[in-house]
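These notes concern the structure reproduced below.
Remember, it's a predicted structure, so these values are computed and weren't measured experimentally. The chains referred to below are lettered A, B, ... by the order of the sequence lines, with proteins before strands, and numbering in each begins at 1.
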Amino acid sequence: MKDFYLEILHVDKSCGARYGILHTSHGNVEVPMFMPVGTLATVKTMSPEELKECGAGVILANTYHLSLRPGEDVVAAAGGLHKFMNYDGPILTDSGGFQVFSLAEKRKITEEGVTFKNHLNGAKLFFSPERAIEIEEKLGADIIMSLDECVHYPATYEYMKNSVERTLRWAKRGKDAHKREDQALFGIVQGGEFADLRKYCAEELTKMDFPGYSIGGTSIGEPKDVMFKMIRDTTPYLPFDKPRYLMGVGSVDAILEGITDGVDMFDCVLPTRIARHGALMTSHGRVNIRDKKYEYDFTPLDDNCDCYCCKNYTKAYLRHLYKCDETFGKRLLSIHNIRFLIHMMEEARKAIKEDRFLQFKEDFLKQFASEKGF
RNA sequence: GGAAGAAUAGCGAAGUGGCCAAACGCAGCUGACUGUAAAUCAGUUCCUUCGGGUUCGGUGGUUCAAAUCCGCCUUCUUCCA
C-alpha cells in the first residue's frame, strides 16, 4: 500500500473529533469529510466540475451496480473509473455489501459468498469476497471495500454473531485476494447494536491490519440513539492513525455525532436523493421546495449558502422547475444539498482545529433546527 | 329554420337503475427517503360536530331506489338548409 495514509494534524481537546489530511493516489483531502455518492459512476444530475465547485473530494461508486452495467471490463478498458467518468479526484467503491441489505429478497448468502438474482433481469450474479475485489481492482478506485453483510435491523444476537464471524472471514479472504498496490482496502465493522460484537469485529479487523476501517450496518432503519451507540461502541477499538469511515450516514445530526466520536469519512445518498425529491437542507432547517408558500418567493434557498444554486436562483424559480419536473431543478437542488454538507464539514474542520467542535455542533444543530429525518 | 349528439369533482375521463361520494389519469396538497432496484414511493383532494349531509348542466317527473329512465329548459359540438 503506497501513497495512502491519514495524516492526523489535530484532535479536538474537548472530544474525539480529529482533523487531518487523507493522502491518496488521486490527491489529498481534508477530513472529516462528506463523500457524495455516484453509484453508477455519476452523482445523479451533477457533473464532475460541479462536484469540484461544491468542494467534493472523494466520491463513491458501486461495485455491484457497475459490474452489471456497463460491466467492469468496460470500465477497465476505458482506463479505469477516473478516466471513464472524467473525475480525477479520489474515488471509493463500495463492495456490494450494501446490496446484500437493500436487495435482500433477491439474494442468498452462503459461506462462499452472495448469489444475487440481479435487479435488472433476474440473472444470477455471484459475489464472493474475492470476486468483489477482482471487480474493484478492474474499476480502479483509490479506496475499496471488503465484501461484507450489511445485516438488517433488528437482528438476533445469534444471527449477528454468525454474520460477524463470516464478514471477518470474508474480509480476510478479500485482503488475501487484493493485489493492487495503489488501492486502499478497508475492512468493515459489523455487529449491529451489540457492543461486544462491535468491539470484537473491530479488534479482529485491526489484527488484519487494513489501511482503513469502515463502520457498517448503520442508517438502515435503526433509531438515532442506537446508531450513535453503535458508533461509540466501535471507534474506541479502531487504530488511531487509520481513517474511519461511517458508511451511509448523511443526516446532519448523525454526521456531527460521528465526528465527535472520531469518524473521518461519511457518505450518503440522502442529500442528492432528497434534493431530487424536493427537500433541501438549509442553515435554517428543512425546506420543501414544492410548498406553495414559495410560489412568489424570489429569495435564495439559503442566504448563508455560497453554492451556484443559491448565488443565482430563487426559491420561486426552483419551485417552478420542481413542479415541472425539469432536470435542471434537480441538478440545482443537488448542488445545493451537496454544498451544504460539504460546507458544514469545512466549518467542522475549522472548529476542530480551534478546539471548539462541541460548541460548533451545538450551535449548528440549534440553527439547523432538525425536526425529523435529516 | 331543421337533425343528431353531448353536458360527471380543479382539469381530462369512466360509469348508463341499487355494490356510486362516483374508477382511472393529470394537477394540487402531505409525508417518507441515510454504503442509490429511488427523476422514487405512500397517503390525500365535495361538506361534516364523523352520526351524517349535499353532489354528476337546470328543473319537474317515473321508481322502494336515479349520475344512469322520461318531459321541458339552458349551453356546447357536428351535420342539413
Who pairs with A:Arg356 by salt bridge (Lys or Arg N to Asp or Glu O under 4.0 Å), at least two apart in sequence or on another chain? A:Glu354
May I ask you to list the residues sharing a hydrophobic cluster with A:Phe98, side-chain cutoff 4.5 Å, ordered by chain and number? A:Phe101, A:Tyr153, A:Ile220, A:Val226, A:Met230
Using the ring of each side chain (for Trp, its six-membered ring), is A:Tyr313 parallel, tilted or perpendicular to A:Tyr317, with breaks at 30° and 60°? parallel
Counterpart residues, salt bridge (Lys or Arg N to Asp or Glu O under 4.0 Å), relative to A:Arg232 (two or more places apart): A:Glu257
Expected output is a numbered-order residue list: members of residues 324-342 of chain A with a heavy atom under 4.0 Å from any atom of RNA chain B. What is it? A:Thr327, A:Lys330
Give the residues of residues 46-54 of chain A touching RNA chain B, defined as any heavy atom closer than 4.0 Å, sorted by residue number. none
Selection residues 37-66 of chain A - residue pairs positive for salt bridge (charged side-chain N to carboxylate O under 4.0 Å, His left out), sequence neighbours left out: A:Glu50-A:Arg331, A:Lys52-A:Asp88
Clusters formed by hydrophobic residues whose side-chain heavy atoms approach within less than 4.5 Å: which one holds A:Phe298, and what are its other members? A:Tyr296
Look for any protein N or O under 3.5 Å of an N or O in nucleotides 27-29 of chain B and output each such pair with its distance, or none.
{"residue": "B:rC29", "atom": "OP1", "partner": "A:Arg319", "partner atom": "NH2", "Å": "2.9"}
{"residue": "B:rC29", "atom": "OP2", "partner": "A:Lys323", "partner atom": "NZ", "Å": "2.2"}

On the side chain of A:Asp148, is there an atom forming a donor-acceptor pair with the base of B:rG35 - under 3.5 Å, no angle test? yes
Once ring pair (Phe, Tyr, Trp, His ring centres under 6.0 Å) is applied, what residue pairs with a partner in residues 218-270 of chain A remain, sequence neighbours excluded? none
Once ring pair (Phe, Tyr, Trp, His ring centres under 6.0 Å) is applied, do any residues pair with A:His119, and if so which ones, sequence neighbours excluded? A:Tyr64, A:His65
For A:His277, the ring pair (Phe, Tyr, Trp, His ring centres under 6.0 Å) test, sequence neighbours excluded, returns none
Please name all residues satisfying salt bridge (Lys or Arg N to Asp or Glu O under 4.0 Å) with A:Arg166, sequence neighbours left out, ordered by chain then number. A:Glu149
